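All remarks here apply to the structure that follows.
This one's a predicted model, so the numbers in the text were calculated from it and none came from an experiment. In what follows, every chain begins at residue 1, and chains take the letters A, B, ... in the order their sequences are listed.
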Number of protein chains: 2
Amino acid sequence: MSSTEIAYEKKEHIMDIAEKLFAEYGYEAVSTRKLAADAQVNIAMISYYFGSKEDLYLAVIERRILSLRTATHIIDDKHMTHLDKLLHLVDMIVDRFFENRLFHQIMYREMGMSNRSKIFNFMMDKWLLNFNVLKHIIEDGIQKKVFKKVDAGFTILTIIGTPRMYVQSDQMAQKIMNLKSLDEVYMLDMKNRLKNHLKELISNHLSK
Amino acid sequence: MSSTEIAYEKKEHIMDIAEKLFAEYGYEAVSTRKLAADAQVNIAMISYYFGSKEDLYLAVIERRILSLRTATHIIDDKHMTHLDKLLHLVDMIVDRFFENRLFHQIMYREMGMSNRSKIFNFMMDKWLLNFNVLKHIIEDGIQKKVFKKVDAGFTILTIIGTPRMYVQSDQMAQKIMNLKSLDEVYMLDMKNRLKNHLKELISNHLSK
DNA sequence: GTAAATTAATTAAACGATTGATTAACTTTG
DNA sequence: CAAAGTTAATCAATCGTTTAATTAATTTAC
């Protein structure tokens with residue numbers, strides 16, 4: 001293994017620990033010393049690899065953002081009904097929330113604050129793209145009279161807000177769902193229950 | 001006006017400013033100096049009135065929590081159908097989110113973090129009471145066969161998660177709803193749209 | 001191939017700035 | 001005058017960041 005690979009792994013390791021801590025305690029509450037201690041590296045390594053604490057924070061966010069693709073291609077799929085497209089997107093959205101829960105916890109906390117940096121707007125734009133895919137399908141379905149005349153904006157907030165509520169307040173979710181441990185919250189069974197709930201909800205909401 | 005009244009108003013004023021700042025930036029990101037400057041009081045007044053920054057934080061939260069009543073009485077109302085009870089609760093919940101949006105922003109951010117203090121569990125218990133009112137009505141309705149066999153837990157997350165999404169990420173909501181200013185997000189018209197959306201959604205979801 | 005030179009990685013210690021909190025002196029109030 | 005309220009100045013602790021010295025790894029030179 002070359003040294004550049006080791007360095008890469010070490011960078012990734014620091015980002016992993018940072019992501020966990022930022023998600024759990026919030027950016028300001030995590031000191032560089034606590035971060036270095038948890039990652040078992042010297043404090044100076046943060047500056048050495050990332051420049052500053054804020055740059056590390058941005059790197060953590062950017063790493064996940066770049067992996068998120070917008071599902072615009074679904075809009076143009078001729079073989080799917082409007083409802084099928086929507087239900088397929090629900091699957092994707094729930095999967096993403098479960099896969100990147102730490103990132104979502106960070107991002108949505110950030111979204112509730114005043115613009116901290118340039119990356120805030122970058123995130124916002126990225127997500128609006130996703131929202132607009134949903135919005136386009138719903139509004140097109142309404143116009144083509146395959147959907148009821150629902151409030152498209154709030155319908156999107158329901159589709160996103162439900163898994164967000166579940167993941168971001170997982171301790172609360174655990175109690176509501178009568179789960180014994182926090183780990184159970186993120187098990188496949190619960191993910192499927194969430195998907196089924198959302199799909200039935202949306203189907204009943206939109207179908208004439 | 002007596003001096004105790006002036007002191008009371010000054011305390012309330014500090015708490016108002018603190019609530020706004022904590023909601024906007026988060027607890028750690030707000031320094032006592034920034035707080036004192038915004039409230040136009042001396043830094044020492046925070047210790048003088050509240051003891052410490054954390055005690056001020058707890059006081060801000062406690063002030064709102066104490067004003068929240070649990071709507072347990074609705075369960076026992078004989079003159080309302082199960083659906084009526086639920087829709088009435090939806091009204092109450094949305095009203096609360098709009099009335100105490102700063103508090104909700106603080107509380108739900110707190111809920112996403114690791115237990116910061118005793119008040120965390122106090123908040124959690126308080127909210128579980130509200131959730132259980134919803135859960136009781138839904139499960140009772142299912143058992144009495146006036147409701148479809150839905151997933152009660154996730155249905156609650158939808159009812160709470162939708163207004164939460166709207167209020168906690170108001171800048172995002174503004175863009176999704178095509179509103180010109182952030183103030184429009186909190187106007188009566190939007191609140192009613194949200195209520196109507198949730199009521200129709202829940203009605204279709206639960207009605208046989 | 002190996003020793004020297006160069007670069008990268010890592011460390012403990014220290015930097016100035018800012019943090020929450022307190023002090024002691026002063027002013028206002030009843 | 002006693003109590004409550006208010007102030008500027010200061011406290012030690014912690015913050016993010018940087019330094020200078022050292023070790024490890026890689027490249028170069030022969």
### Summary
Rounded to whole Å, CD of B:Glu28 lies from P of D:dG16 at a distance of 11 Å
### Task
Check each residue of residues 34-44 of chain A for a non-hydrogen atom within less than 4.0 Å of any atom in DNA chain C, then write out the ones that pass by number, or none.
A:Asn42, A:Ala44
### Message
Show every salt bridge (charged side-chain N to carboxylate O under 4.0 Å, His left out) that has at least one partner inside residues 33-48 of chain B, sequence neighbours left out.
### Response
B:Lys34-B:Asp38
### Non-neighbouring partners of A:Asn192 that pass side chain to side chain donor-acceptor pair (under 3.5 Å), sequence neighbours left out
none
### Query
NA contact type, A:Ser47, heavy-atom cut-off 4.0 Å: base, sugar-phosphate, or nothing?
base
### Query
Restricting to pairs with a member in residues 97-109 of chain A, which pass salt bridge (charged side-chain N to carboxylate O under 4.0 Å, His left out), not counting sequence neighbours?
none
### Query
For the pair made of CZ in A:Arg33 and C1' in C:dT18, what is the distance, rounded to whole Å?
13 Å
### Query
Rounded to whole angstrom units, what separation is found between the OH atom of B:Tyr27 and the P atom of C:dG20?
8 Å
### Summary
Hits for side chain to side chain contact (heavy atoms under 4.5 Å, CB included) against A:Ala18, two or more places apart or cross-chain, chain-then-number order -> A:Phe22, A:Leu35, A:Leu56, A:Val60
### Query
Between atom NZ in A:Lys11 and atom P in C:dA8, what is the gap in whole Å?
14 Å
### Message
Rounded to whole Å, please give me the gap between OH in B:Tyr57 and P in C:dG20.
### Response
14 Å
### Query
Separation of B:Lys10 atom NZ from D:dG5 atom P, in whole Å?
10 Å
### Query
Looking at A:Ser52, does any N or O in its side chain come under 4.0 Å of the phosphate oxygens OP1/OP2 on D:dT17?
yes
### Query
Can you check whether B:Tyr49 has a side-chain N or O nearer than 4.0 Å to OP1 or OP2 of D:dT6?
yes
### Message
Please classify the nucleic acid contact of A:Ser31 as base, sugar-phosphate, or nothing, using heavy-atom distances under 4.0 Å.
### Response
sugar-phosphate
### Task
Mind calculating the distance between CD1 (A:Ile46) and P (D:dT17) to the nearest angstrom?
8 Å
### Query
Mind checking whether B:Tyr57 and B:Phe50 have ring centres under 6.0 Å apart?
no
#### Entry: Spacing between B:Met45 atom CE and D:dG5 atom P, to the nearest angstrom
7 Å
### A:Lys195: partners by side chain to side chain donor-acceptor pair (under 3.5 Å), with sequence neighbours left out
A:Asp95
### Message
Regarding B:Asn42 and B:Tyr48, do their side chains bring together a donor and an acceptor under 3.5 Å, going by distance alone?
### Response
no
